[in-house]
Amino acid sequence: MISKYLMAFVSYTCSNNAVLQIDNVKEQFPKARPSRYYGAPPLTSTASFISAPRMSGNHHIESTHHAGSTCNLHIENTIENLVRTLDVSPIDLISLEHQKGERGIFLKRNVRKNNIILRVPLSSCIRDDHPPLWYTNVPTENDDSPHHYDPSEWASRIAASLIDLELAMSKDTVTYEAKKQWLAMMPDPKILRASLPIHWPEEMVSKAKCTALEISTDSSFFSRAAAIANISERLRSIDKIDEFLKDKMVDIDTLCSNALDLVQTRSCRVESIDGIQLCPPLRVIAPIFDFINHGSSKYDGYGSTNAFFGLEGEDFDQALVVRAKRDIEIGQEVLIDYGDSARPAWRCLANYGFVPNYRILGPDDDVCDGADECVAELFYNGCRYEVSSHTIPTELVEAAHAIFLEEEEGVRAFEMAVNPEETSDVFPSEVALRLAKRISDAAFDLVIEHSEDKDNSNNRSQIESIAAQLAKALRWSQHQVLLACALGLRDYAAREIK
């Protein structure tokens with residue numbers, strides 16, 4: 001559906017406070033959002049990617065902790081071994097490093113624009129079209145085609161491959177040992193689980209104070225439950241399944257849930273870089289490639305994306321290839337944009353388990369390029385709207401204007417009612433100030449910490465604390481966006497009065 005947005009440009013005062021300058025009213029067509037998998041849109045190679053859930057400067061709880069040069073050396077040796085064993089190229093170009101508690105891919109030498117950074121053969125990937133035999137040997141009502149668009153189907157097939165690898169059920173593949181080593185580098189399942197809102201109790205989800213997140217979590221719950229039931233049923237049909245599980249400390253349902261968490265946070269849909277669509281699209285988890293972190297493509301500078309990826313080659317020589325978007329210097333981290341599934345902040349948290357630290361746009365930034373990253377929800381007169389530091393939906397302005405007119409008395413109200421065409425595009429300063437007051441109140445409400453929350457914070461376990469910190473980070477992210485919007489509206493009203 002096409003919606004109109006009131007466009008505004010942010011400028012900064014001498015004290016670096018963001019203010020809003022309304023220039024004109026324009027129509028902006030929001031990008032189409034594809035259907036969601038567990039609350040997350042399917043991914044495209046040029047726009048979306050699920051990887052190690054973090055980006056530089058984000059509110060993220062790192063799942064694996066390493067310290068000291070000895071550990072870094074061990075990590076470097078491990079990644080070099082994976083590169084060689086999985087036939088990844090180029091050799092000796094990248095390293096896996098921990099910096100400030102976050103793990104990412106860094107360059108060992110300079111790379112020029114469009115040059116290859118990483119090439120992972122599809123034969124070394126975990127693919128949704130190559131599930132283990134025990135999964136395909138149990139027919140279901142949806143097995144008419146070997147390759148489905150249904151998200152729960154392809155996700156279940158990849159999850160089954162991960163479980164097969166975890167239980168060492170199929171050891172005859174050439175890349176088995178390397179993939180097993182890669183699997184050992186995955187995040188702690190309990191901590192990863194704690195970072196994904198789909199696993200949070202209802203009370204914790206509500207503490208994020210984001211209705212969109214609550215709806216996404218509720219809608220994804222049953223899809224996840226159905227996928228777990230599907231995989232569990234097939235696992236239990238395997239002869240001597242208990243022997244495979246004897247050394248595991250989890251039950252079958254938990255094993256399936258953990259595998260689906262990895263699928264949700266590390267899989268991608270691959271397409272050719274030249275734009276040729278595979279039919280149907282292929283979903284994979286690509287070892288090493290999945291350690292690449294998120295960078296925004298909506299702006300340049302620190303934390304922005306410097307690489308892109310896609311499918312290259314033909315037939316049996318196809319590979320997932322990462323290329324430099326611009327010249328990248330030695331020691332810099334490789335970043336790719338996870339796409340629409342990582343924006344706005346609540347969707348990124350729902351999909352990947354972290355809150356991105358998107359910057360509020362400055363006066364020289366193009367509004368259309370970054371406005372959809374920094375948005376916050378606002379309830380006004382019983383309706384939900386999304387505002388940013390730059391944009392306000394015209395529907396919100398019209399609603400506030402209508403309430404203002406109802407409360408106005410005298411000649412002005414009569415004239416505005418008689419001549420609506422003359423005032424249809426007017427954004428009166430009084431309305432701007434009313435909206436600024438409402439938005440400021442909403443921003444303040446997001447950072448209020450109730451006394452019972454303070455008391456409970458001391459009694460939380462590590463897992464509960466992770467979820468609580470992420471919920472708080474989302475509130476703070478929305479708080480900053482709302483404050484910037486309110487400041488801008490007040491500045492606009494002051495200029496209109498003059």
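Quick caveat, the model's predicted, so the values are computed rather than measured.
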**Q** State, with a plain yes or no, whether a side-chain heavy atom of W134 is found less than 4.5 Å away from one of S237.
**A**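 Counting from C-beta outward, W134 and S237 never come under 4.5 Å.
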
**Q** Can you name the closest pair of heavy atoms from I198 and S220 and give their distance?
**A**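 That closest heavy-atom pairing would be CD1-OG, 3.6 Å.
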
**Q** Contact between V111 and L93 at the side-chain level, heavy atoms closer than 4.5 Å - yes or no?
**A**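 A side-chain contact exists here, since the closest heavy-atom pair is under 4.5 Å.
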
**Q** Establish, from distance only, whether the side-chain atoms of S170 and D164 form a donor-acceptor pair under 3.5 Å.
**A** yes

**Q** By salt bridge (Lys or Arg N to Asp or Glu O under 4.0 Å), which residues pair with R127, not counting sequence neighbours?
**A**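 Partners of R127 by the salt bridge (Lys or Arg N to Asp or Glu O under 4.0 Å) criterion, ordered by chain and then number, come out as D129.
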
**Q** Has T305 got a side-chain atom pairing as donor or acceptor with L335's backbone, closer than 3.5 angstrom?
**A**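 Yes.
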
**Q** Which distance, rounded to the nearest 0.5 Å, do you find between the CZ of F354 and the CG of L196?
**A** 11.5 Å

**Q** Does this structure show an ion pair linking E153 with R283, if we count only N-O contacts that are shorter than 4.0 Å?
**A**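 Salt bridge flag = no for R283 with E153.
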
**Q** Under the side chain to side chain contact (heavy atoms under 4.5 Å, CB included) test, which residues partner E177, sequence neighbours left out?
**A** none

**Q** How long is the span from the CG atom in L183 to the CG atom in L262, to the nearest 0.5 Å?
**A** 7.0 Å

**Q** Does any N or O in the side chain of K472 come within less than 3.5 Å of the main-chain N or O of K207, such that one atom is a donor and the other an acceptor?
**A**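 No, because the side chain of K472 does not come within donor-acceptor range (under 3.5 Å) of the backbone of K207.
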
**Q** Can you tell me which residue among L255, I158, I252 is in a side chain to side chain contact (heavy atoms under 4.5 Å, CB included) with I163?
**A** L255

**Q** Answer yes or no: does atom CZ of F444 have more than 12 heavy-atom neighbours from other residues, nucleotides or ligands under 6.0 Å?
**A** no

**Q** For the backbone of A443 and the side chain of H479, can you confirm whether one donor and one acceptor N or O come within less than 3.5 Å of each other?
**A** yes

**Q** List for me each residue that meets side-chain hydrogen bond (donor to acceptor under 3.5 Å, both in side chains) alongside N114, sequence neighbours excluded, and say none if there are none.
**A** none

**Q** Could you list the residues that satisfy side chain to side chain contact (heavy atoms under 4.5 Å, CB included) with T85, not counting sequence neighbours?
**A**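 Residues passing side chain to side chain contact (heavy atoms under 4.5 Å, CB included) with T85: N81, A178.
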
**Q** How about F309 and F289: are their ring centres within less than 6.0 Å of each other?
**A** yes

**Q** Where do L86 and V120 land on the side chain to side chain contact (heavy atoms under 4.5 Å, CB included) test, with the steps shown first?
**A** CA-CA 8 Å; L86 294 174; V120 184; 5.9 Å; no

**Q** How far does CG of L320 sit from CG of L118, to the nearest 0.5 angstrom?
**A** 8.0 Å

**Q** Any heavy-atom pair between the side chains of F106 and L96 that's under 4.5 Å?
**A** no

**Q** Do the side chains of E333 and R103 get close enough for a salt bridge, i.e. N-O under 4.0 angstrom?
**A**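 Looking at R103 together with E333, the answer is no, because their closest N to O distance does not fall below 4.0 Å.
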
**Q** Of all the heavy-atom pairs spanning V387 and V481, show the shortest one and how long it is.
**A**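 Closest approach of V387 to V481, heavy atoms only: O-CG1, 3.8 Å.
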
**Q** Which atoms form the tightest heavy-atom contact between I126 and S161, and what is the distance?
**A** CG2-CB, 3.6 Å

**Q** Can you tell if the side chain of L122 reaches within under 4.5 Å of the side chain of L311, non-hydrogen atoms only?
**A** yes

**Q** Please list, chain by chain and in numerical order, all residues satisfying side-chain hydrogen bond (donor to acceptor under 3.5 Å, both in side chains) with R119, sequence neighbours excluded.
**A**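 Listed in chain order: D317.
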
**Q** Can you sort out the partners of E166 under salt bridge (Lys or Arg N to Asp or Glu O under 4.0 Å), two or more places apart, ordered by chain and number?
**A** K248

**Q** Per the side chain to side chain donor-acceptor pair (under 3.5 Å) rule, what does the pair list look like for residues 254-263, sequence neighbours excluded?
**A**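 The answer is R193-S257, H199-D261, R224-D261, D251-T254.
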
**Q** According to salt bridge (Lys or Arg N to Asp or Glu O under 4.0 Å), who are the partners of R384, at least two apart in sequence or on a separate chain?
**A** E377, E386

**Q** So if I apply the side chain to side chain contact (heavy atoms under 4.5 Å, CB included) rule between R343 and each of P356, C374, S296, which one comes out positive?
**A**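 For R343, the side chain to side chain contact (heavy atoms under 4.5 Å, CB included) check succeeds only for S296.
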
**Q** I'd like to check P187 versus R266 (side-chain heavy atoms, cut-off strictly below 4.5 Å). Are they in contact?
**A**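 A side-chain contact under 4.5 Å exists here.
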
**Q** Under a 4.5 Å cut-off applied to non-hydrogen side-chain atoms, are L192 and D188 in contact?
**A**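 They are not in contact (no side-chain heavy atoms under 4.5 Å apart), so the answer is no.
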
**Q** A342: what forms a side chain to side chain contact (heavy atoms under 4.5 Å, CB included) with it, not counting sequence neighbours?
**A**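 For A342 the side chain to side chain contact (heavy atoms under 4.5 Å, CB included) partners, ignoring immediate neighbours, are H294, Y338, C348, Y352, Y358.
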
**Q** Excluding sequence neighbours, so at least two apart, what forms salt bridge (Lys or Arg N to Asp or Glu O under 4.0 Å) with D242?
**A** none

**Q** So which atom in L482 and which in I439 form the shortest heavy-atom distance, rounded to 0.1 Å?
**A**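 Heavy-atom minimum between the residues: O-CG2, 3.1 Å.
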
**Q** Any donor-acceptor pair under 3.5 Å linking the side chain of R157 with the backbone of P131?
**A**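 Checked: no pair found.
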
**Q** Any luck finding a side-chain donor-acceptor pair between R234 and N230 under 3.5 Å?
**A**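 Yes - a donor-acceptor pair under 3.5 Å links their side chains.
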
**Q** Rounded to the nearest 0.5 Å, how far does CD1 of I336 lie from CG of N293?
**A**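 Reported value, rounded in 0.5 Å steps: 9.0 Å.
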
**Q** How many angstroms lie between atom CD of E80 and atom CG of L82, to the nearest 0.5 angstrom?
**A** 10.5 Å

**Q** Are the side chains of T265 and D290 in touch, meaning some heavy atoms are under 4.5 Å apart?
**A** no

**Q** Short question: side chain of S388, backbone of V375 - any donor-acceptor pair under 3.5 Å?
**A** no

**Q** With no hydrogens and no angle check, is any side-chain donor or acceptor of D337 less than 3.5 Å from a backbone partner on S297?
**A** yes

**Q** Please answer whether the main-chain N or O of A473 pairs with a side-chain N or O of S477 as donor and acceptor at a distance below 3.5 Å.
**A**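 Such a contact is absent between S477 side chain and A473 backbone.
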
**Q** Grab the two heavy atoms, one from R347 and one from D340, that are nearest each other, plus how far apart they are.
**A** CD-O, 3.3 Å

**Q** Can you give me the closest heavy-atom contact between Q478 and C210, atom names plus distance?
**A** NE2-SG, 4.5 Å

**Q** Mind running side chain to side chain contact (heavy atoms under 4.5 Å, CB included) on C256 and L235 for me, showing each step along the way?
**A** CA-CA 9 Å; C256 295; L235 273 174; 3.8 Å; yes

**Q** E464 side chain to S461 main-chain N or O, any donor-acceptor pair under 3.5 Å?
**A**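 Confirmed, E464 side chain pairs with S461 backbone.
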
**Q** Do R323 and I117 have side-chain heavy atoms sitting under 4.5 Å apart?
**A**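 Heavy-atom side-chain distance check fails, nothing below 4.5 Å.
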
**Q** Inspect the contact between K298 and E373 and indicate whether a charged nitrogen and a carboxylate oxygen are less than 4.0 angstrom apart.
**A** no

**Q** In a check of side chain to side chain contact (heavy atoms under 4.5 Å, CB included) between W182 and each of I285, I79, I288, which one passes?
**A**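 It is I285; the other options fail the test.
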
**Q** Does NZ belonging to K190 count more than 12 external heavy atoms closer than 6.0 Å?
**A** no

**Q** Nearest 0.5 angstrom please: Q264 CD to S341 OG, how far?
**A**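 Result: 10.5 Å between the selected atoms.
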
**Q** Restricting to side chain to side chain contact (heavy atoms under 4.5 Å, CB included), what partner residues turn up for P197, sequence neighbours left out?
**A**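 Only W200, L213, T217, L349 meet the side chain to side chain contact (heavy atoms under 4.5 Å, CB included) criterion with P197.
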
**Q** Counting only heavy atoms from other residues, nucleotides and ligands, does the tally under 6.0 Å from CZ of R84 exceed 12?
**A**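 Check fails, neighbour count at 12 or below.
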
**Q** Between K180 (side chain) and L165 (backbone), is there a donor-acceptor pair under 3.5 Å?
**A** yes

